[in-house]
**Q** 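Dropping a structure here in structure tokens format, bear with me for questions.
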Number of protein chains: 2
Amino acid sequence: MANRDLYGALPGPQGGDIGGLLAEVLADMPDAQLHGLQGIARLRDIPRGGVVVTEGGRPDEIGYLIHGALGMQKQLPDGRVHIIGLLVPTDMYGRLFDGPAAYDIVALTDARVLAFPRDAFERILVSSPEIERRFLVNVLDELDSAREWILLMGGHKIVERLASFLLILLRRMLRGGRHRVPGAPVTVRIPIRRVDLAHYLGTTPESVSRALHELEGQGLVRLRDAYEIEIADLPGLVRVSGADHLGAERAG
Amino acid sequence: MANRDLYGALPGPQGGDIGGLLAEVLADMPDAQLHGLQGIARLRDIPRGGVVVTEGGRPDEIGYLIHGALGMQKQLPDGRVHIIGLLVPTDMYGRLFDGPAAYDIVALTDARVLAFPRDAFERILVSSPEIERRFLVNVLDELDSAREWILLMGGHKIVERLASFLLILLRRMLRGGRHRVPGAPVTVRIPIRRVDLAHYLGTTPESVSRALHELEGQGLVRLRDAYEIEIADLPGLVRVSGADHLGAERAG
DNA sequence: AGATAACATTGACGGTGGTCAATGCCTGAC
DNA sequence: GTCAGGCATTGACCACCGTCAATGTTATCT
């Protein structure tokens with residue numbers, strides 16, 4: 001299957017319009033700071049399977065994902081792979097003020113990132129309290145996401161986990177600006193292959209498949225194709241997920 | 001069972017020696033800053049089951065745990081409880097620059113915390129880049145812990161998860177300054193009850209019990225009592241855990 | 001000391017999901 | 001068009017664990 005099928009047609013600015021990308025990614029940042037960052041940013045394209053950061057290596061760059069999907073993954077001694085974090089556009093990767101990376105970061109689809117040399121980024125952070133505060137909040141959000149994921153992984157049954165995953169995807173999509181047309185059915189696009197999703201949910205591709213089709217059997221979703229999921233019964237999906245993901249949305 | 005059995009006899013300064021506690025918790029902080037914090041700190045004792053921060057409520061305090069154990073937990077609609085984070089002494093709780101808490105924080109044992117009013121703490125943070133940087137690194141570490149936990153939750157078999165848990169406990173203990181006597185057998189103390197541990201590992205007390213005794217049957221650990229676990233075969237335990245927790249320790 | 005409560009452990013049973021194997025579907029190459 | 005490769009799906013089987021119930025164990029109270 002072609003990688004381009006895993007994400008939609010490339011929207012937004014093409015080529016070297018780094019300023020536009022920055023503005024999108026770091027919305028409402030003061031212009032002066034933006035300009036400082038712009039000078040050192042660089043666009044990079046990474047084919048699926050490409051390694052962005054290697055475990056144990058000191059990451060030499062900080063980056064924002066423009067499109068595609070990245071996975072933070074760990075190779076277990078027995079050969080199994082586990083994905084402990086999924087990065088979607090506008091997410092950040094890389095570590096600051098700190099030691100070697102604890103996990104590989106690999107491209108789960110063809111991807112494009114906006115990369116900053118680590119040291120330059122750190123200098124800007126130190127020199128600008130505003131950006132640093134912003135970054136801190138960024139990290140706090142990531143921490144929340146991680147904890148949300150822990151909660152998800154605690155759901156024993158795979159259908160639960162899958163439903164939670166779909167809801168999280170949906171929430172990110174709605175927040176991501178692309179507001180839905182009132183009449184049209186809501187669909188979410190699973191941005192990665194079954195194997196990777198399985199590794200992410202802590203299970204197997206087979207079980208993912210079964211769970212997905214069980215949800216379809218219950219009339220909660222409809223599979224337009226393997227990646228395009230139409231949400232048919234949102235409250236039902238929430239009920240199956242066990243947790244109140246949309247409650248969290250309302251509160252936020 | 002008495003709560004006091006869940007943690008050792010209270011070591012260190014008693015009563016109002018807040019300066020001593022602060023120095024312990026926030027080691028190598030510049031004295032001037034320390035003094036600023038000292039003025040607003042307050043000791044609080046919380047009985048087991050007591051709620052420190054309520055989900056949805058704006059937490060009005062930031063705190064460091066002095067002893068005992070706190071759990072970040074979420075009540076699911078169907079009545080199940082899930083613990084998504086375990087706090088042990090020197091860990092921090094509470095959120096800065098941000099909205100309502102996403103989870104309850106409850107005392108899993110009788111506990112003592114060093115609490116700061118949230119706004120005062122934020123002011124100090126804003127006025128002191130050093131403390132803020134320190135705090136940022138703190139949060140980054142928490143993020144790492146959370147990710148480590150996600151990895152743990154991915155281990156399908158309970159024995160795997162339990163072994164990982166014991167290794168994480170062991171690592172924290174070794175790092176916590178209390179260095180072991182070379183000849184003596186290494187033991188870790190599980191700081192919480194079976195039920196809570198089960199909720200933490202995403203399983204049931206029964207399964208935890210079985211897994212623990214299976215590890216004992218394989219000669220990897222010895223149970224001195226329900227809470228005091230003697231590590232008999234460290235490499236074996238690492239092997240069962242699946243992940244290379246001690247590798248991470250070596251690399252760090 | 002005896003009674004009681006809280007907790008941990010052990011046992012039996014059934015369902016969920018991991019594993020292995022086969023089949024189906026779609027894409028790209030020639 | 002045909003073929004081959006990469007995925008997704010489906011099916012069969014069995015280990016593992018969640019559930020329910022009973023029993024052990026330890027600490028607290030009078």
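Because the structure is predicted, anything quoted here is derived from the model rather than measured. Per chain, numbering begins at 1; letters A, B, ... match sequence-line order.
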**Q** List the residues meeting side chain to side chain donor-acceptor pair (under 3.5 Å) with A/Ser209, not counting sequence neighbours, and say none if there are none.
**A**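 For A/Ser209 there are no side chain to side chain donor-acceptor pair (under 3.5 Å) partners, ignoring immediate neighbours.
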**Q** Rounded off to whole Å, could you give me the CZ-to-P distance for the A/Arg194 and C/dC25 pair?
**A**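 Atom CZ in A/Arg194 sits about 15 Å away from atom P in C/dC25.
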**Q** Take atom CZ of A/Arg193 and atom P of C/dC26, then tell me their distance rounded to the nearest Å.
**A**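 Spelled out: CZ on A/Arg193 to P on C/dC26 is 19 Å.
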**Q** Rounded to whole Å, please give me the gap between CD in A/Glu160 and C1' in C/dG15.
**A**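 To the nearest whole Å, that distance equals 14 Å.
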**Q** Can you measure B/Arg224 atom CZ to D/dT26 atom P for me and round it to whole angstrom units?
**A**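 So the two atoms are 14 Å apart, to the nearest Å.
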**Q** Would you mind telling me which of C/dT9, C/dA6, C/dT16 lies closest to the side-chain atoms of B/Leu223?
**A**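 Out of C/dT9, C/dA6, C/dT16, the nucleotide with an atom closest to B/Leu223's side chain is C/dT9.
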**Q** Do the rings of A/Tyr200 and A/Phe165 sit parallel, tilted or perpendicular, given the 30° and 60° boundaries?
**A**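 Correct class here is perpendicular.
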**Q** B/Tyr103: which residues meet the side chain to side chain donor-acceptor pair (under 3.5 Å) condition with it, sequence neighbours left out?
**A**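 For B/Tyr103, no residue satisfies side chain to side chain donor-acceptor pair (under 3.5 Å) once neighbours in sequence are set aside.
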**Q** A/Gln73: what forms a side chain to side chain donor-acceptor pair (under 3.5 Å) with it, not counting sequence neighbours?
**A**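 Expected list: none.
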**Q** What integer distance in Å separates B/Ile192:CD1 from C/dC7:P?
**A**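 Atom CD1 in B/Ile192 sits about 13 Å away from atom P in C/dC7.
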**Q** Does a side-chain N or O from A/Tyr227 land closer than 4.0 Å to OP1 or OP2 of D/dA8, or not?
**A**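 Yes, such a contact exists.
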**Q** Please state how far atom CD1 in B/Ile158 lies from atom P in D/dA15, giving the value in whole angstrom units.
**A**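 In whole Å, D/dA15 P and B/Ile158 CD1 are 18 Å from each other.
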**Q** Under 4.0 Å between a side-chain N/O of B/Arg161 and OP1 or OP2 of D/dC17, yes or no?
**A**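 No, outside the criterion.
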**Q** Between D/dA8 atom P and A/Leu197 atom CG, what is the distance in whole Å?
**A**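 It is 9 Å, rounded to the nearest whole Å.
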**Q** On DNA chain D, does the nearest nucleotide to A/Leu212 precede the nearest nucleotide to B/Thr203 from the 5' side, or the other way round? Give the residue.
**A**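 Nearest-nucleotide comparison on DNA chain D picks A/Leu212.
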**Q** Dump every N/O contact between nucleotides 19-25 of chain D and the protein below 3.5 Å, one line per pair.
**A**
from, atom 1, to, atom 2, distance (Å)
D/dT19, O4, B/Arg210, NH2, 2.9
D/dC20, N4, B/Glu206, OE2, 3.2

**Q** Please list, chain by chain and in numerical order, all residues satisfying side chain to side chain contact (heavy atoms under 4.5 Å, CB included) with A/Glu61, sequence neighbours excluded.
**A**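 Testing A/Glu61 for side chain to side chain contact (heavy atoms under 4.5 Å, CB included), a comparison that skips the adjacent residues, returns A/Arg44, A/Val52, A/Tyr93, A/Ala115.
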**Q** Round to the nearest Å and state the distance from A/Asp225 atom CG to C/dC25 atom P.
**A**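 That distance rounds to 15 Å.
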**Q** Go through the structure and list residues passing side chain to side chain contact (heavy atoms under 4.5 Å, CB included) with B/Ser145, not counting sequence neighbours.
**A**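 Expected list: none.
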**Q** Can you tell which of D/dT10, C/dG18, C/dT10 lies closest to the side chain of A/Ser209?
**A**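 From the listed options, D/dT10 comes nearest.
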**Q** Throw together a table of side-chain donor-acceptor distances under 3.5 angstrom for residues 212-225 of chain B, partners on residues two or more places apart or in other chains.
**A**
from, atom 1, to, atom 2, distance (Å)
B/Glu214, OE2, B/Gln218, NE2, 3.2
B/Glu216, OE2, B/Leu223, N, 3.2
B/Arg224, NH1, B/Glu230, OE1, 3.1
B/Asp225, OD1, B/Tyr227, N, 2.6
B/Asp225, OD1, B/Glu228, N, 3.0

**Q** Let me test you: for the helix from C/dA1-D/dT30 to C/dC30-D/dG1, what is the angle between the axes at its two ends (five pairs each), rounded to 10 degrees?
**A**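 Comparing the axis at each end, I get an angle of 30°.
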**Q** I'd like to check the side chain to side chain donor-acceptor pair (under 3.5 Å) partners of B/Asp45; sequence neighbours left out, ordered by chain and number.
**A**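 Only B/Arg112 meet the side chain to side chain donor-acceptor pair (under 3.5 Å) criterion with B/Asp45.
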**Q** Looking at C/dT9, C/dA6, D/dC7, which one has an atom nearest to any side-chain atom of A/Arg48?
**A**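 Among C/dT9, C/dA6, D/dC7, the one nearest the side chain of A/Arg48 is D/dC7.
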**Q** Within the structure provided, determine whether A/Ile84 and A/His82 are in side-chain contact (heavy-atom separation under 4.5 Å).
**A**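 In short, these two side chains touch, coming nearer than 4.5 Å.
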